[in-house]
Each structure stands twice: as C-alpha cells, then as structure tokens.
Amino acid sequence: MDLYLLHSPRSKSKTIVLALRSYEKDRAQIKDIGSFVKSLPKNIGAGYGGHTSCIEVSTPKARLIVDGGSGIRGLGEKLMLEACGAGRGIVHILMTHFHWDHLIGLPFFTPIFVPGNQIHFYGVQPDLEDNIRRTFCKPNFPVPFENLPASIHFHTLNPRQPQMFDDVKVTPYQLDHPDPCWGYRFEHGGKALAYCVDTECLRVSRESMGADLALYQNLDLMIFDAQYTFLEASERINWGHASGPIGIDVALREKVKKVLFVHHDPAAPDAKIMEAERQTREYYESTLAAAHAKGEPLHALEWEFAREGMSILV
Ligand SMILES: [Zn+2]
Ligand SMILES: [Zn+2]
C-alpha cells in the first residue's frame, strides 16, 4: 500500500532563498534541489507543512482518500490530470469527522466541479450527508451543494464492520475526540495501516479500548495524532488530541512496526514541532532503556514526524 500526505511546505520561500544562496556559492551542491532541501533541518528547510488533514491510500486496484482538509486541494489538481479532468473520475472519500480542519478543503476540490465525475463520501456518522451539504452553503460558498456538477453519493459505514474497496479491506473504529470521530484500518496483501486521527487516546489500557483495540494491533504503519507537546497534552484534557509519547506507548505495547506522527498544531512554528519531536525521542529512548534495565527489552520501533507531501510504501 502507498500512503501519501497531501500538502505543500509552509516554509517554501525560505527554502528557495536558501537554495539560491547555495547555488551562487557552489553550483554542484544543488544539482538535485529536492535532496538538498530534504537535507536541511526542518526549521529552515521544507518544514513540516501547514495544510490540514488529508491522506491518500492506494493499492494496485484501489485509491482512497481520508478527510477533506486543505491538503485535498492539491490532490484534486493531481486527479484532474487523470480521469477526473475528463469527467470520468470515481473518487472515494472516507470522513473521520466533521471538524472544520477536516472539511475545509472540499469546496476547493476541483473534481467536484466537473460533470461526469462520481464523488463517493463514506462515514459512520448518520449525519454524514448533512455535514457535507452544509460545507457548500451560501453565504459561505457561492456554489450551493445542489448545483455541484459531479454526481455525489453518500454511504454509511457500520462501526467496526469491514468493507471491501476493490482489493483493500477498510474497517472503522472509534477514536477519543470531543465529537464522534472514527479512525480507519486498511488491510491489503498481508499489510495493515491505521489512521488514528483525531484522537486524544483517553482510553489508554487495552481493557478500556475494548473493541477499538483492533485498530492498533499488528500494524505495519500507525498514523497517529501528535498535535501537542508532552506538556500541552497533559494540560489540554478533552481537547481531543495526543502527543508523540502517547503514540510511542501504544505502538510499543501493540508491536506496531512504524509510527508516523501527524496533525501537527496548525499554530505551531516548525521549531515548536521540532521540540515535540525531540521530546518524543527522549521519551522513546528512556522507555527502551528502562525496559532493557528490567531485562524486558522492547522491540525496535521506527517512527517519525510527518512532513507534508511524504509518500510511504508499506
Ligand atoms: Zn477534530
Ligand atoms: Zn483535526
């Protein structure tokens, strides 16, 4: 399975200035600008990105989008170069919940304005259709839902019941968020990834997670909410978001292979997200050391803080 995080860098202009300075100094150094930018520290390089939630999960046969945050605008442009541009696109969008940061990109998703395209929305919440319709509503947006040229369909998913989308099995599980929010587990070809956003992970024990524990088990990749620093997460109870150390605990316990931390605080500069990443590393290393000292070594866990535009082969 391929996973794409669909955004663009928030520090783009800074990156270009740095690249140009380097170009004047040494042409050979930026023969490959992409690698050069990636080699820079995140607070002066491409950064973590500033768009809101949208990911794409693809397999040889299926392509699924999760959430319609501002990142979906760029994805729409990509899809327009394919079947959506000719009005022959079939798009599947799974919604976790309806907070603005997960909806705000939908009015700017170009394939929805092309006759012939089919846009399918999926969600567990019974008010899925009402919430999507309200996103296209005067005076907030000039084109009312009824006038959208694409054909739009709504599908209610059953909680914790798998549904096949071509060759990928998708199962929704409930997360811990102030309004009902459902994460998704994707399984294909013996691999599994889960999208666990937005969640505060208030149910920390296996027992308290109940039937939703299955979301986190035997994962090759867990995409996890790390909006806050460790300190902020301890202060912001019931705000609906977690931090890196919480994801580390869940991943070590459930033997997850890799964690991708996402949903960085939109108000945080890159330096602050770097600090959250540093705290997570400190926590991870101290947790491993403590387990080792007790003679109960933990499995090595791969993890990183996501950057917009990343793509990962699972
Ligand atoms: Zn939310
Ligand atoms: Zn959110």
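Note that the structure is a prediction, hence the values are computed from the model and not measured. We count ligands from 1, going down the list as the structure has it; atoms in each ligand are counted the same way. One-based numbering along the sequence shown.
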* Would you call Glu56 and Lys78 a salt bridge, using N to O less than 4.0 angstrom? -> yes
* N/O donor-acceptor pair under 3.5 Å between Asp220 side chain and Ala192 backbone -> yes
* Asked: Could you go step by step and tell me if His177 and His99 meet the ring pair (Phe, Tyr, Trp, His ring centres under 6.0 Å) rule?
  -> CA-CA 10 Å; His177 206 51; His99 285 167; 4.9 Å; yes
* Return the orientation label for the Phe154 and Phe121 ring planes: parallel under 30°, perpendicular over 60°, tilted otherwise. => parallel
* Structure fact -> Within a strict 2.8 Å cut-off of the Zn ion (ligand 1), protein N/O/S atoms tallied 4
* To do: Could you check if a side-chain atom of Ile55 sits within less than 4.5 angstrom of a side-chain atom of Val57, using non-hydrogen atoms only?
  => yes
* **side chain to side chain donor-acceptor pair (under 3.5 Å) assessment of His264 paired with Asp270** => CA-CA 9 Å; His264 309 314; Asp270 289 335; over 6 Å; no
